[in-house]
Structure formats: structure tokens, C-alpha cells
There are 2 protein chains.
Amino acid sequence: MKINTIRHSLAHILAASAKEFYPKVKFGIGPEIENGFYYDFDFSSPISEENLLKIEKKMKELIKKDLKFTKKQVSKSEAKKIFKGQSYKLELIKELPSKTVSIYQTGKFVDLCKGPHVKSSKEINPDAFKLTKIAGAYWKGSEKNPMLTRIYGVAFATKKELNKYLEQIKEIEKRDHRILGKKLELFLIDEEFGSGLPLWLPKGALLRKLIMDFAVDTYLKRGYELVATPHIANLDIFKRSGHWNFYRESMYSPIKVEDQYFMIKPMNCPGHVKIYNSKIRSYRNLPIRFTEMGTVYRYEKSGTLHGLTRVRGFTQDDAHIFCMLEQLDSELLKMIDLTKYILNSFGFKKFEISLSVRDPKEKKKYLGSDKIWGIAEKALESALKTKKLSYKRYPGEAVFYGPKIDFLISDAIGRKWQLTTIQVDFNFPEKFEMTYIDKKGKKQKPVMIHRALLGSIERFLGVLLEHYAGALPVWISPIQILVIPVGSSNRKYAQEVAGKLKSEGLRVEAKVKAETVSKKIREGEIQKTPYILVVGDKEMKKKNIRVRQRGKGDIGESSLTKFIKNIKIKIENKG
Amino acid sequence: MKINTIRHSLAHILAASAKEFYPKVKFGIGPEIENGFYYDFDFSSPISEENLLKIEKKMKELIKKDLKFTKKQVSKSEAKKIFKGQSYKLELIKELPSKTVSIYQTGKFVDLCKGPHVKSSKEINPDAFKLTKIAGAYWKGSEKNPMLTRIYGVAFATKKELNKYLEQIKEIEKRDHRILGKKLELFLIDEEFGSGLPLWLPKGALLRKLIMDFAVDTYLKRGYELVATPHIANLDIFKRSGHWNFYRESMYSPIKVEDQYFMIKPMNCPGHVKIYNSKIRSYRNLPIRFTEMGTVYRYEKSGTLHGLTRVRGFTQDDAHIFCMLEQLDSELLKMIDLTKYILNSFGFKKFEISLSVRDPKEKKKYLGSDKIWGIAEKALESALKTKKLSYKRYPGEAVFYGPKIDFLISDAIGRKWQLTTIQVDFNFPEKFEMTYIDKKGKKQKPVMIHRALLGSIERFLGVLLEHYAGALPVWISPIQILVIPVGSSNRKYAQEVAGKLKSEGLRVEAKVKAETVSKKIREGEIQKTPYILVVGDKEMKKKNIRVRQRGKGDIGESSLTKFIKNIKIKIENKG
């Protein structure tokens with residue numbers, strides 16, 4: 001028996017069981033899905049998750065009853081009688097193009113359904129499924145329709161498979177950055193302020209700054225120059241860049257300012273191009289590399305928003321490189337090295353690479369000639385080959401202005417996340433009449449590379465939290481060390497220790513409030529603080545500290561000097 | 001003779017002289033203004049500034065002719081005959097409510113004018129005035145009317161006064177941050193990108209970052225916590241805060257997102273309030289001080305935009321302090337100390353202070369009860385008194401939600417610039433139902449202080465450039481040191497020196513391109529680089545450098561160690 005058929009049949013049994021408790025329930029639809037099934041119900045008033053247990057129990061009872069799944073083909077008018085009062089089913093019957101419709105009978109329960117199904121409920125393993133959650137879902141997915149109650153279940157062939165899956169789900173839930181964001185007090189999404197627009201709480205804002213400072217410092221050391229551009233700009237510039245034609249769906253609506261229209265920027269490129277064009281450039285100055293921690297705003301449907309990983313506004317560690325055609329290869333190679341350095345620094349060692357090229361059958365979706373697309377795609381591909389990196393080619397996945405390389409990192413539990421993007425672009429230089437003066441004094445067009453290595457800082461942070469399940473490496477932990485005095489007589493010493501650590505540039509908090517030591521330690525552990533130093537009379541006398549390391553617990557007494565030396569090595573190594 | 005009368009009479013003589021060269025010219029109006037006068041002309045096609053000299057010469061001739069200024073009262077119909085063809089004058093005659101109008105005859109020139117004027121042109125000193133510039137000006141100041149040509153002149157009683165004034169103007173022009181911004185390659189305002197929206201070039205972006213980093217570091221050390229909030233937010237929150245009612249004219253038009261409206265934020269307060277409200281606050285946690293380098297966007301008429309000092313988007317070193325009423329005084333005192341520290345650090349030592357309070361006659365313009373306004377105004381006033389600071393009281397200048405203190409700094413040539421603002425607010429906490437739990441476990445409302453010490457970073461930077469005429473203190477100079485090799489054989493050593501300085505955390509550029517030393521020095525001086533190090537064979541042999549200090553020229557040979565030591569002391573002291 002195919003597992004999909006079992007899952008679909010379980011949806012019917014779920015509906016049948018629900019009806020036992022809620023005789024007046026109206027049925028929506030109930031398909032199988034990845035790993036399980038769901039059914040949409042109209043209970044008139046919403047039910048709570050606590051009811052899932054009793055419904056699940058009833059399902060097991062029904063399964064054990066050896067219920068048959070009987071298919072019948074009936075006329076539409078007969079079907080209308082059968083589903084009398086079931087307004088959603090009646091709506092579906094009306095919409096079906098055929099003259100007859102197929103129905104399935106399972107015990108007392110009848111559903112409008114094409115199947116296939118199991119022949120009997122005994123083919124289903126009653127221990128290999130579980131109802132998991134309740135969610136709201138609009139009838140037919142449209143906000144204009146009533147909101148129904150969707151009950152989800154997961155189902156497998158064996159109990160072992162089910163348990164394995166549930167374990168994995170638990171692991172994913174433990175790593176959910178939305179929950180960690182609340183627990184670690186990092187960020188907040190407030191519906192009144194705006195969906196998809198994270199507000200950064202003190203620890204999160206600091207973490208975000210640490211990441212951005214690291215990126216900026218690294219880029220400045222590698223020959224990039226910092227620039228900064230506003231978040232709004234005249235619409236005309238986005239018309240000229242092609243965004244208005246090719247990217248409008250992701251852009252917000254224009255703002256009228258006197259007789260002009262302004263846009264919130266979805267991308268930083270136009271500003272950087274304007275800065276390039278603000279003076280005459282010579283071959284001697286190329287490559288020019290502008291970088292900006294640029295906050296952009298892109299429209300996403302409210303239904304698709306998700307924590308930090310899918311938002312409506314985010315900050316990119318953006319950069320645009322302007323170079324001569326003959327410098328393109330070496331710039332791409334440098335960029336791949338830099339990408340590896342940056343991602344490795346945060347502990348991401350494994351990645352998959354995708355090369356997104358134009359769909360040659362849909363040239364209308366892209367700007368620019370065959371020739372320049374050929375050069376650009378070849379440049380990216382040969383850089384990957386030189387670096388001996390394996391990659392997959394994805395036709396039709398290029399940006400409207402050029403092909404790109406994306407790095408998908410693999411997290412601690414093997415999930416893939418797209419972070420880095422490197423894009424070659426000959427089109428912008430053309431649209432904005434960019435030039436440089438070559439050796440012979442002639443005007444030439446530079447090549448432009450768009451790239452963001454962390455991608456969106458928001459998304460990156462979300463991935464980082466999930467990768468480490470919140471236990472961030474010491475070097476970017478907003479609070480690296482907590483100092484806890486055992487008794488009130490140790491408070492002064494605790495503050496002294498904290499002061500010393502702060503003067504060494506470490507991020508420290510002294511917990512001197514009148515609470516128990518164990519409560520303070522527990523709080524520090526919930527906050528996933530890398531080091532908790534406990535100081536009592538004994539430590540105070542010897543001018544020592546007692547160290548608790550995250551994940552290891554008490555690792556013994558230490559001198560402050562030794563502790564500082566060790567933590568500094570760890571920070572230096574980004575360990 | 002009053003100088004204003006002389007200035008007004010000069011406007012007539014300007015018009016009379018212009019008519020000699022342009023017989024068909026149509027006249028607008030010609031009043032006296034501060035330091036001089038202007039006249040608006042319709043020359044059919046615009047004239048260039050080169051023509052000012054010949055007009056000025058003609059004016060001097062007319063003045064020396066001892067022309068009489070004769071006043072006459074004539075009927076409107078007679079006036080219409082006199083000003084036949086002079087459409088602007090006819091429009092004015094039509095609008096005058098009286099039956100008769102007064103006119104002034106000066107030689108061949110007649111003007112519609114109430115006076116007063118000098119009796120004869122010989123009362124005017126022909127050497128104490130000067131035509132200064134031409135500008136476009138809409139008839140009656142409305143964009144719907146034709147654009148006229150306005151000729152400006154300055155005039156004083158004596159030649160000495162004129163020269164003094166012209167010197168001062170030259171000084172102001174030399175300090176014009178818009179010109180310095182171009183020369184030092186700091187920022188760019190590009191009309192296609194958007195008026196009033198500065199783009200930061202590499203050196204400017206770095207300078208801006210240095211200033212913001214200094215502010216953030218200082219605030220974090222003084223017990224502030226960093227937060228970050230998006231640039232767009234739901235309109236509802238600005239309705240709730242009162243901005244939509246009281247501040248709409250400065251806000252941009254809403255953006256439609258699905259069935260909601262979003263705004264570009266004109267202020268950072270709502271986000272900070274949301275962060276405060278994201279958890280239960282106890283009296284033990286207060287005061288809470290949130291700071292953000294928050295970029296806000298406010299509408300300004302295109303005609304009022306000016307370089308960095310009046311823009312449409314700017315970044316505030318914003319903060320909001322939430323405290324108990326009994327902590328208000330001490331918070332205000334701390335804030336005044338912090339303001340002084342911050343402003344002093346940038347070399348601003350003198351300031352005027354204004355206390356802006358509510359206009360008790362126009363209570364409708366403000367939110368909140370008499371009682372809370374009383375408390376808030378008194379708190380600010382008593383903080384100023386405690387600090388023994390003199391201040392002026394300005395009724396009617398308060399913000400809609402509360403009274404404020406502004407610091408106006410005095411720059412190197414005595415001009416005043418408003419930078420710091422400190423505002424007390426009881427209204428936000430009420431509108432957003434903010435609370436904290438007091439010692440007895442009861443809910444209380446906190447007080448809120450809004451404050452920006454540098455104010456707008458953009459404006460601050462503009463003022464800083466004008467104050468120092470571009471010669472920024474070493475500690476914030478984007479490039480602190482230039483290293484120039486004398487010959488090609490010294491290039492390697494120059495790079496070695498630059499590398500050493502960089503490793504010491506200094507901002508250095510090695511100029512090793514094949515250009516003459518004098519050209520490189522000149523360029524460095526134009527860029528107002530604090531130190532230029534020249535290294536030739538002699539210096540190389542001794543592992544020394546030759547130091548040129550900004551404003552002083554060559555100050556002799558030095559060891560690198562000594563130079564590093566000295567510049568570090570200077571940076572440390574913000575000298």
C-alpha cells in the first residue's frame with residue numbers, strides 16, 4: 001500500500017471521528033500532504049488543540065473496526081441530496097464539470113472524493129500516525145472566504161518512522177529562531193507596528209551590530225570602500241535601472257512628493273552607480289568596490305512572512321564592484337575566497353553552489369544581448385571551475401540583469417539555506433552610461449558585480465540561531481560572560497571582576513540583584529550565556545573565579561588572568 | 001538718513017539702470033532687505049551675472065547725477081496709463097484697495113511705491129554698495145507664476161562697512177559645506193536620485209560612521225542600550241502616537257500594502273515604545289535608555305532644501321529614556337552633562353540654550369493636560385537652573401507632545417546652529433498604555449524623554465564642516481595621514497611606513513602613483529589631510545619620515561615611533 005493512500009484515508013477517518021464529537025460540523029477538504037494529511041472543518045466556533053487527543057483516540061478505534069472504503073459514482077443531483085447542509089461540499093459539486101461525481105463511504109461517513117483509498121481501515125497502522133496541530137485556513141485559500149479550522153496529522157508506514165520524524169520535528173522546533181528570538185530577547189515582530197518588520201531588542205541589536213561590524217571591517221581590509229545611500233529615491237531611477245519593469249511586484253507603491261514620485265528602495269544598486277558616476281574614473285582606479293550595510297524593503301505577501309527568514313525589510317551586506325572586463329575573473333575568484341572566509345568565520349563549513357543562468361527560451365524576461373549574457377555566464381562558470389567547486393546549473397533562475405552564483409549553506413541538522421549571492425551585470429553600466437578612461441584615453445564600459453555574502457543580515461541571523469540552536473559562538477554572543485556573587489558580601493567583588501573584564505573589551509553583565517544563585521545560573525543558561533562566573537568567599541579571598549561553561553557546567557576554579565587569556569584566544573579564533 | 005531708506009532707493013536706481021540696457025524690461029517689485037536690496041525683472045530671456053558690472057557702473061553714474069526722488073499721489077486710472085505694458089505693476093494696481101496710488105519718479109524711471117526714499121541720489125554713497133548675484137524668483141513667490149530674474153545688491157552707509165560685510169560673506173562661502181563636500185569628496189546630492197537625499201561617498205561615509213560609532217560607544221558606556229527599528233511602519237501606529245494629527249505636514253504619503261497603509265517613519269519613537277512594551281518592566285529596571293542611529297524621512301519643500309543642513313532624510317543619534325517621575329530630574333541633569341561632553345568632543349564649546357514651552361493660548365496644538373505640561377516644563381527649567389545654565393524661554397515652540405530644551409552651538413565665526421534637543425513627554429506613555437510595576441506591585445506610568453544630542457548626523461556634519469572650514473580634527477578625519485615617496489626607489493619604504501601606521505589603527509593612504517611630489521602634496525592639502533609624510537632617500541636610510549602638518553607646513557624630520565606617539569595623544573584628546 002502506498003503511504004500517500006494511507007495518509008489520504010486517514011484524512012477521511014479524521015473527518016469521521018470529528019463528526020462523532022461535533023455532529024453539526026461542516027466539511028471542507030482533506031488531502032494527503034508531505035509526511036501526513038489534514039482536514040479543514042467549519043466547527044462554527046474554533047476548537048482548541050486539547051481536543052486533538054480525543055479525536056485521535058476515536059480515530060484509532062475506528063481504524064481497529066476494519067471499516068471499508070466504498071467508492072460510488074452518483075449523479076450530481078443525488079450528490080446534492082447526500083451532502084445536504086454541507087455548504088462547502090455543495091459548492092464543490094456545483095463547480096465540478098462532469099455530470100456524475102464520485103463519493104467514498106467509510107462507516108457512517110461519506111465524502112466527495114476521487115480516491116484512491118485503502119480498501120479497509122485495517123491496512124492502516126494505528127500506531128504510526130499522530131494529530132499534530134490546529135491552524136486557521138481560509139476556504140479555498142482566499143482571504144475573502146470564511147476561515148476554517150485545519151487539523152494536521154502526520155502518518156507513516158511504521159511506528160519507528162513516525163517516531164524518527166517526530167524527533168526531527170522536535171529538533172527543528174528547538175531550533176526555531178522565532179522562539180529563540182523571544183527566549184533570548186533578540187527581536188520582536190509586532191503586528192501593530194507592521195508584519196514582516198522585525199524590531200531589534202537590545203541584545204539582538206548588539207548581535208546585529210557585531211555581525212555588521214565584522215563584515216564592514218573585513219571588507220574595508222580587503223579593498224572595499226564604504227558608501228551610504230538613502231532608503232528612498234526618485235521613481236525615475238528605478239525606471240532607468242529596469243527595476244520598475246522587471247521587479248515591480250516586489251516593490252512598494254510610489255510616494256508622491258510635490259510633482260514627483262519616490263520609492264522605498266528594493267535594492268542598493270542605483271545609489272552605488274550614482275556614486276561611481278560622480279567622478280571620472282580611470283583604469284588606474286579600477287576595480288572600485290563599494291560596500292554598504294544597505295537596508296532594503298521588498299513586498300512579500302503577508303501569508304508568506306516567517307520570522308527573520310522571510311521579512312519585508314532587511315539589511316544586506318551589499319557591495320558593487322566595478323572593474324574592467326579583464327579583471328572580472330580575478331575579482332570573482334577573490335570574491336569566492338572572501339565568501340568562504342566569511343561563512344567559515346560563522347561556523348558554516350559545508351555548502352552547495354548553484355549557478356543561475358538565463359532561460360534561453362524566455363529572453364523577454366531579461367535585459368541585454370546574447371553576447372553579454374554569454375560572457376557573464378561563462379565568467380561565473382569558469383571561476384567555479386578554477387576553484388574546483390562543484391555546482392548545479394539552473395536555467396531560468398538568473399536575475400533580470402544577469403546570471404548569478406548562490407551559496408547554500410548546510411546547517412547543523414542538514415537543512416539548506418541560501419545566503420550568498422554573486423551576480424555579474426553588464427546591463428546597469430549600459431543603462432547608466434558608466435565609463436572609465438582606458439590606457440589610451442578612450443572611454444570604456446566597466447563590468448559590474450553585485451554581491452551580498454551574508455545576504456540579508458536578518459535572514460542570516462535567523463539561520464545562525466537555528467544552526468546553533470541559540471548557543472551562539474562566544475565572539476558574537478551579545479553577553480559573553482555573566483558574573484554572579486554567591487552572597488551579598490561578594491557583590492562588590494563580582495562588580496570588580498565584571499569591571500576588569502569590561503576593560504578588556506569583553507561583554508559582561510554582573511548579576512548583583514537579591515536573587516538566589518541557582519535562579520541566576522538558570523536564567524543565564526536559558527539565555528545561553530557562554531560563560532557564567534560564580535564568585536563566593538573562597539574565590540574572593542584568592543582573587544579567583546569559578547567558571548561554568550555553556551554545555552559543560554562547572555569547569556572549576558581559575559585565575560581571572562588565565563580565564564581572560566583563554567576567552568580571548570577563543571574570540572580571536574572565532575571558536 | 002536711515003540705511004533702509006538708502007537700500008530701498010538703491011533698488012529704484014537698480015531698476016532705472018537696468019532699463020537703460022533693457023528698454024523692454026518688465027518690472028516686478030524691488031524692496032530693501034537685510035544688508036541690501038533686490039529688484040525682480042522680467043527680461044523675457046534670462047541674463048547672466050556678467051551683466052551686473054555694467055548695471056552697477058550705470059547705477060554709480062545715476063547716483064552721481066543728483067537725481068531727485070519725487071512722490072506723487074495719482075488715481076488708479078492715471079496709474080494704469082503710466083504703467084502701460086508693465087503687466088506686473090498693473091496687476092499690483094488692480095489689487096490695491098485704495099482709490100489712489102502713490103508713485104515715485106527718479107529721473108526717467110517711475111515706480112509704484114509708497115516710499116520712503118532719499119530726497120536725492122546724492123544722499124547715497126556710490127562706493128558703499130555692490131550688486132552681488134542673480135537668482136530666479138517666482139512672481140509673488142508662487143510656483144504657478146512666471147519665474148522672474150532677481151538681482152541682489154548689498155549696501156551700507158560707508159565703504160568700510162561694505163568691505164567688512166563682503167569679507168564676512170567670503171568667509172562664509174569658504175566654509176560652505178556644500179562646496180567643501182564636493183572638494184573633499186564627502187557627499188553628493190543627485191537630482192535624478194532625489195533632491196534633499198545625500199549619497200555618501202567613501203570618505204564621507206567613513207566620516208559619518210566615525211561620528212556615529214563615537215556616539216554609540218559613548219552612549220553604551222553611559223548605560224544606554226542599542227535598539228534598531230525599521231524605516232517603515234503601519235500608519236495606525238502614527239495615528240495612535242498623534243503624529244498623523246499633529247505632524248502630518250512633515251510626513252510622506254502612505255504606501256498601500258494589501259489592505260493596510262504603511263508610512264516611512266518621520267520619528268523613531270513608536271518603535272522604541274513598542275520595544276519597551278514588549279515585556280513587563282519593574283521599577284528595578286528603570287531608567288531604561290534605548291538608543292538608535294535612526295534614519296528618518298521628513299517632507300521639506302524643494303525650495304527650502306540646502307546641502308546637508310536641510311534634507312529630506314537624515315539619521316538621528318536618537319534615544320528615548322523611560323523613567324519614574326522621581327528619576328526625571330537626575331536623568332535630565334545626566335543628559336545635560338552628556339550633551340556638553342559630546343559637543344565639546346567635536347570642539348563646540350559655546351552654546352545658547354532655548355527652553356520651548358507650550359503657548360497657553362493655543363492649547364489645541366498640543367496633546368495632554370495642563371497638569372502634565374506644568375510638571376514637564378518645570379522639570380526642564382529646574383535642570384537648567386541646577387546646572388546654572390542661562391537660557392531663553394520660547395512660548396509656543398514646544399513639540400506637540402511636550403516641552404523641550406534645545407542647544408544652539410556657536411561656530412568658529414559666531415553663527416548659531418541648533419543641534420541638541422531634549423524633550424519631556426508624558427503623552428506617549430499614555431497613548432501607548434506604558435507601565436512599570438512599582439515597589440508595591442502596582443502599575444505606574446513611566447515618563448519618557450526624547451533626545452538627540454548631535455541631532456541629525458547629516459546636519460551635524462554640515463555644521464562641523466563649516467565650523468572647521470573642512471579642516472576636521474585628526475580623530476575624525478577619514479584620511480589622517482598621507483605617505484608620499486620622493487622617488488620611485490622610495491615607494492616600497494612609503495608602503496612599509498603606511499603599513500606600519502595602519503597596523504596601529506591609523507587611517508592612512510600611500511600615494512605611490514607616478515606623479516610629482518609637489519602635485520601629491522598639493523592634492524593632500526586641498527583634501528585638508530592632517531598629516532603628510534614625505535619619504536626620500538635620506539629618511540629611508542634613517543628609517544625616519546619628514547612631517548608636514550596641516551596649516552603649518554613642513555615641521556621637520558621625525559622617527560616613526562615618535563610620530564605615532566604624538567598623533568595617538570592627539571587622537572586620544574580629540575585635539
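Computed from a predicted model, the values in this text were never measured in an experiment. Any value given below was found using the heavy atoms of this structure, including those in side chains, with hydrogens, waters and symmetry copies removed.
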Using distance only, find each side-chain donor-acceptor pair of residues 222-235 of chain A under 3.5 Å and give its atom names and separation, not counting sequence neighbours.
{"unit_1": "Tyr224(A)", "atom_1": "OH", "unit_2": "Arg451(A)", "atom_2": "NE", "d": "3.1"}
{"unit_1": "Thr229(A)", "atom_1": "OG1", "unit_2": "Lys265(A)", "atom_2": "NZ", "d": "2.9"}
{"unit_1": "Thr229(A)", "atom_1": "OG1", "unit_2": "Glu292(A)", "atom_2": "OE1", "d": "2.9"}
{"unit_1": "Thr229(A)", "atom_1": "OG1", "unit_2": "Glu292(A)", "atom_2": "OE2", "d": "3.3"}
{"unit_1": "His231(A)", "atom_1": "ND1", "unit_2": "Tyr297(B)", "atom_2": "OH", "d": "2.6"}
{"unit_1": "His231(A)", "atom_1": "NE2", "unit_2": "His231(B)", "atom_2": "NE2", "d": "3.4"}
{"unit_1": "Asn234(A)", "atom_1": "OD1", "unit_2": "Asp236(A)", "atom_2": "N", "d": "3.0"}

* To do: Give, as side chain, backbone, both or neither, the part of Phe290(A) having an atom under 4.5 angstrom from any heavy atom of chain B.
  => side chain

* Asked: For Leu188(A), is it the side chain, the backbone, both or neither that has a heavy atom under 4.5 Å from a heavy atom of chain B?
  -> side chain

* chain B contact via Lys182(A) - which portion, at a heavy-atom distance below 4.5 Å -> neither

* When rounded to the nearest 0.5 angstrom, what is the spacing between NZ in Lys502(B) and CD in Gln495(B)? -> 9.0 Å

* Asked: Is it true that a side-chain atom of Gln480(A) and a backbone atom of Arg507(A) form a donor plus acceptor pair closer than 3.5 Å?
  -> yes

* Asked: Pick from Asn277(A), Val216(A), Leu199(A): which one has the most heavy-atom pairs with chain B under 4.5 Å?
  -> Leu199(A)

* Pick from Arg284(B), Gln260(B), Arg240(B) with the largest number of heavy-atom pairs that fall under 4.5 Å of chain A -> Arg240(B)

* Heavy-atom pairs under 4.5 Å with chain B are the metric here; pick the option from Arg208(A), Glu185(A), Lys203(A), Glu191(A) that has the most. => Glu185(A)

* Structure fact -> Given Ile237(A), Ile255(A), Thr291(A), Asp213(A), the one with more heavy-atom pairs under 4.5 angstrom with chain B than any other is Ile255(A)

* Asked: Given a strict heavy-atom distance threshold of 4.5 Å, which part of Ile264(A) is in contact with chain B: side chain, backbone, both, or neither?
  -> side chain

* Exercise: identify the closest heavy-atom pair between Leu210(A) and Ser477(A) -> CD1-O, 4.3 Å

* Among Leu220(A), Val257(A), Leu206(A), which has the most heavy-atom pairs under 4.5 Å with chain B? -> Val257(A)

* Would you please classify the geometry between the Phe238(B) ring and the His243(B) ring as parallel, tilted or perpendicular, with 30° and 60° separating the classes? => perpendicular

* Pairwise side-chain contact, Met434(A) with Phe322(A), heavy-atom cut-off 4.5 Å (strictly under) -> yes

* Structure fact -> Under 4.5 Å to a heavy atom of chain B? For Lys209(A) that would be side chain

* To do: Name, in order of residue number, those residues of residues 310-321 of chain A that have a heavy atom at a distance of less than 4.5 Å from a heavy atom in chain B; otherwise write 'none'.
  => Arg312(A)

* Asked: For Tyr299(A), is it the side chain, the backbone, both or neither that has a heavy atom under 4.5 Å from a heavy atom of chain B?
  -> side chain

* Select, from Gly204(B), Gly194(B), Ser302(B), Pro254(B), the one with the greatest count of heavy-atom pairs under 4.5 Å involving chain A. => Ser302(B)

* Please look at Lys301(B) and chain A and tell me whether the side chain, the backbone, both or neither of the residue comes under 4.5 angstrom of a heavy atom of that chain. => both

* Does Asp217(A) use its side chain to pair, donor to acceptor, with the backbone of Phe214(A) at less than 3.5 Å? -> no

* Asked: If every non-hydrogen atom of Pro478(B) is compared with every non-hydrogen atom of Leu186(B), which pair is closest and at what distance?
  -> CG-CD2, 4.5 Å

* **Under 3.5 Å donor-acceptor, Tyr252(B) side chain and Lys256(A) backbone** => no

* chain B contact via Glu300(A) - which portion, at a heavy-atom distance below 4.5 Å -> backbone

* State whether Tyr219(A) and Arg289(A) meet the cation-pi test: NZ (Lys) or CZ (Arg) under 6.0 Å from the six-membered ring centroid, and within 45° of the perpendicular axis. => no

* At their closest point, which heavy atom of Pro198(A) faces which heavy atom of Phe187(A), and how far apart are they? -> CB-CD1, 4.4 Å

* Please look at Thr295(B) and chain A and tell me whether the side chain, the backbone, both or neither of the residue comes under 4.5 angstrom of a heavy atom of that chain. => side chain

* What's the spacing between Lys274(A) NZ and Cys269(A) SG if we round to 0.5 Å? -> 13.5 Å

* Asked: With distance as the sole test, does Arg178(A) use its side chain to make a donor-acceptor pair with the main-chain N or O of Gly307(A) at under 3.5 Å?
  -> no

* Find the one option among Ser278(A), Ala205(A), Pro202(A) whose heavy-atom pairs under 4.5 Å with chain B are most numerous. => Pro202(A)

* To do: Side chain from CB out, backbone as N, CA, C, O: work out which of these in Glu143(A) comes under 4.5 Å of a heavy atom of chain B, or both, or neither.
  => neither

* Could you tell me the separation between the NZ atom of Lys511(B) and the CD atom of Glu509(B), rounded to the nearest 0.5 Å? => 4.5 Å

